[in-house]
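What follows is one structure encoded as structure tokens, with my remarks underneath.
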Amino acid sequence: MIERAALPSGVSQSETIVVLRRILRDWCDARGYRADSQEGGRTAKSLINWYEFGVTDEVELARLIRDDIIIAAA
């Protein structure tokens with residue numbers, strides 16, 4: 001899921017994917033979900049949306065996901 005993200009150019013895609021996967025893994029572990037579950041997929045999509053919106057700081061991304069703050073679909 002995370003590896004399919006369209007990431008901005010100029011950013012190391014491999015580094016970004018590692019960060020997004022780490023945030024997702026930590027979120028799933030804390031809640032007892034698998035990354036490939038429906039909840040994991042929703043959270044992965046939210047992470048990608050936040051990243052594409054311009055939030056690139058790992059701590060901030062983790063906080064947004066932890067607090068279940070999502071970008072509403074337009």
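The basis for the numbers below is simple: all heavy atoms, side chains too, and nothing from hydrogens, waters or symmetry mates. Values in this document were obtained by computation on a predicted structure and should not be read as measured data.
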Can you name the closest pair of heavy atoms from [X] and [Y] and give their distance?
X     : Y     : answer
Leu47 : Leu20 : CD1-O, 3.6 Å
Ile65 : Ser46 : CD1-OG, 3.7 Å
Gly40 : Cys28 : CA-SG, 4.2 Å
Arg66 : Arg31 : O-NH2, 3.3 Å

How many angstroms lie between [atom1] in [X] and [atom2] in [Y], if you round to the nearest 0.5 Å?
X     : Y     : atom1 : atom2 : value
Trp50 : Asp57 : CH2   : CG    : 13.0 Å
Ile23 : Glu60 : CD1   : CD    : 10.0 Å
Ile17 : Leu24 : CD1   : CG    : 12.5 Å
Gln38 : Thr43 : CD    : OG1   : 10.5 Å
Thr16 : Ile48 : OG1   : CD1   : 11.5 Å

Point to revise | Close side-chain approach of Asn49 and Glu52, heavy atoms under 4.5 Å | key: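 Of all side-chain heavy-atom pairs linking Glu52 with Asn49, at least one is under 4.5 Å.
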Point to revise | Min side-chain heavy-atom separation Val19-Thr56 under 4.5 Å | key: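 Not in contact.
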Check your understanding: Does the distance from a Lys or Arg side-chain N to an Asp or Glu carboxylate O, for Arg42 and Glu39, drop under 4.0 Å?
Key ->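 Answer for the salt bridge query: no.
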Point to revise | Of Val59, Leu61, Asp67, the residue whose pairing with Arg63 passes side-chain contact (heavy atoms from CB on, under 4.5 Å) | key: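 Testing Arg63 for a side-chain contact (heavy atoms from CB on, under 4.5 Å) against Val59, Leu61, Asp67 leaves exactly one candidate, Asp67.
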